[in-house]
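Quick caveat: nothing in here was measured; it's all calculated off a predicted structure. Numbers here simply count residues along the sequence, with the first being 1. Both ligands and their constituent atoms are indexed starting at 1 by order of listing.
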Amino acid sequence: MASSRNLTRFWEWGRKIICVGRNYTEHAMELKNTIPTEPVLFLKPSSAYVREGASVLIPYYSSNLHHEVELGLVIGKLGKAISQEAAMDHVAGYVLCLDMTARDIQEECKKKGLPWTLAKAFDTSCPVSDFIPKEKIPDPHNIKIWLKVNDKVRQESNTASMIFSIPYLISYISKIIALEEGDLILTGTPKGVASVQENDEMKAGIDGILSMKFTVRKQSH
Ligand SMILES: CC(=O)CC(=O)C(=O)O
Ligand SMILES: [Mg+2]
């Protein structure tokens, strides 16, 4: 049954944020990671959401916060073990997202075999744009996403370069985790990830669709 809540403000619903990692070959290579044969998954809590007008915070325990611009899929209806053929029926729309990553902490976690929670799931680690209705992006595998820091281009890529397609990701994820209305899937970042510093301005966009801006601040203890 459809919800009476407003899906265009899905970030207020407290639903899951499921992130795909290493979905662009050149990004996996720039971090000296292997190219995955199956999607790499991790989660962020809904407290990670931040919207334009608020700041993105460098966690007090990190000295290397990275930007990762990504296309986000907003799930419109419940599904478990969704087939690739039916997958796009479960997408209600899109958002542009930043998967903010404490890279120094992630590297330590990787070395120690620990989960990435401190590196990926802190408050303000998931800036999101306005909701983009599905009809506005007829081909999500052919859009240009980009990110600038202080007006200099850092990331610029076409979603055609994803290793795993959107139907494949939805089908794969939903066999493991049921997808609910209001969930968000981050589809992975292209190459060009790099550090941001206090007072930097990050501007990101989808060509011809929208852009968003966030200022970086330091978290106080
Ligand atoms: C190495 C990563 O942080 C993976 C990730 O989040 C990605 O988008 O790729
Ligand atoms: Mg990412």
Side-chain angles (χ1 to χ4, degrees), residues 11 16-50 56-59 61-74 94-129 140-141 143-149 154-166 168-170 172-173 176-177 183-196 202 204-206 212 214 216:
W11 49 84
K16 303 184 289 297
I17 306 173
I18 302 162
C19 306
V20 176
R22 304 177 189 164
N23 199 22
Y24 288 78
T25 302
E26 288 180 333
H27 169 60
M29 285 166 63
E30 74 182 343
L31 293 185
K32 300 187 174 37
N33 291 314
T34 51
I35 311 303
T37 51
E38 290 294 353
V40 173
L41 303 181
F42 57 92
L43 298 170
K44 288 180 190 274
S46 56
S47 46
Y49 280 128
V50 58
V56 168
L57 301 177
I58 305 173
Y61 50 81
S62 173
S63 50
N64 191 13
L65 181 65
H66 274 198
H67 53 75
E68 294 190 359
V69 68
E70 310 197 6
L71 176 67
L73 316 174
V74 183
Y94 304 93
V95 275
L96 188 64
C97 312
L98 304 184
D99 169 16
M100 298 306 299
T101 303
R103 195 69 71 198
D104 46 353
I105 307 301
Q106 187 188 33
E107 289 307 318
E108 273 177 42
C109 293
K110 283 200 253 177
K111 277 187 205 139
K112 294 179 182 164
L114 294 173
W116 294 356
T117 310
L118 267 68
K120 291 282 198 179
F122 54 88
D123 291 352
T124 77
S125 63
C126 192
V128 284
S129 72
H141 297 102
I143 53 167
K144 195 166 117 194
I145 57 175
W146 53 268
L147 179 137
K148 295 178 188 176
V149 176
R154 294 264 189 100
Q155 293 186 270
E156 193 170 30
S157 184
N158 193 297
T159 51
S161 304
M162 283 184 196
I163 298 172
F164 301 107
S165 70
I166 292 169
Y168 186 89
L169 291 174
I170 290 173
Y172 180 87
I173 293 168
I176 305 163
I177 304 169
D183 284 351
L184 175 67
I185 299 175
L186 270 64
T187 56
T189 197
K191 71 172 178 188
V193 301
S195 296
V196 287
M202 299 184 289
I206 303 178
M212 62 180 185
F214 288 89
V216 179

Looking only at heavy atoms, which two atoms of I145 and V69 are closest? And how far apart? CD1-O, 4.0 Å
Tell me which protein heavy atom sits closest to atom 3 (O) of ligand 1, plus the residue, atom name and distance to 0.1 Å. K120 NZ, 2.7 Å
Considering all heavy atoms, the nearest E38-Y172 contact: OE1-CE1, 3.2 Å
Under 4.0 Å between a Lys/Arg side-chain N and an Asp/Glu carboxylate O for K110 and E107? yes
Applying a 4.0 Å heavy-atom criterion (strictly less than), which segment of T189 is in contact with ligand 1: side chain, backbone, both, or neither? both
Quick check: does any side chain N or O of D104 sit under 3.5 Å from a backbone N or O of S63, one acting as donor and the other as acceptor? yes
Can you tell me the N, O or S atom of E70 that's nearest the Mg ion (ligand 2)? OE2
Just wondering, are more than 12 heavy atoms of other shown residues or ligands nearer than 6.0 Å to CD in E26? no
Identify the heavy atoms of F164 and N23 that sit nearest to each other, and give their distance. N-OD1, 2.8 Å
Hey, which atoms in ligand 1 end up nearer than 4.0 Å to a heavy atom of H27? 7 (C), 9 (O)
Using heavy atoms and a 4.0 Å limit, tell me yes or no: is V20 in contact with ligand 1? yes
In the protein, which heavy atom is nearest to atom 5 (C) of ligand 1, and how far is it? E68 OE1, 3.3 Å
What part of M100, side chain from CB on, backbone N/CA/C/O, both or neither, has a heavy atom under 4.0 Å from ligand 1? neither
Side chain K44, main chain S125, donor-acceptor under 3.5 Å: yes
Nearest neighbour in protein (non-hydrogen) for atom 4 (C) of ligand 1: G21 CA, 3.6 Å
Proximal heteroatom of E68 relative to the Mg ion (ligand 2) (N/O/S): OE1
Looking at ligand 1, would G188 count as a contact under a 4.0 Å heavy-atom criterion? yes
Can you name the one residue among K148, H66, H67 that meets side-chain contact (heavy atoms from CB on, under 4.5 Å) with R154? H67
Does the side chain to side chain contact (heavy atoms under 4.5 Å, CB included) test come out yes or no for F122 and L65, once each step is laid out? CA-CA 11 Å; F122 54 88; L65 181 65; 3.6 Å; yes
Any N or O of Q106 that comes nearer than 3.5 Å to an N or O of ligand 1? yes
When you measure from the Mg ion (ligand 2) to each N, O or S atom of D99, which atom gives the shortest distance? OD2
Would you check whether F42 reaches within less than 4.0 Å of ligand 1, judged by its heavy atoms? yes
So is T101 polar-close to ligand 1, meaning N/O to N/O under 3.5 Å? no
Do E156 side-chain atoms and W146 backbone N/O form a donor-acceptor pair below 3.5 Å? no
Near L31, which atoms of ligand 1 are under 4.0 Å from a heavy atom of that residue? 1 (C)
Side chain of E68, backbone of T189: donor and acceptor closer than 3.5 Å? no
For ligand 1, is E70 a contact, meaning one of its heavy atoms is under 4.0 Å away? yes
Between ligand 1 and N33, is the shortest N or O to N or O distance under 3.5 Å? no
Nearest non-hydrogen protein atom, atom 9 (O) of ligand 1: R22 N, 2.7 Å
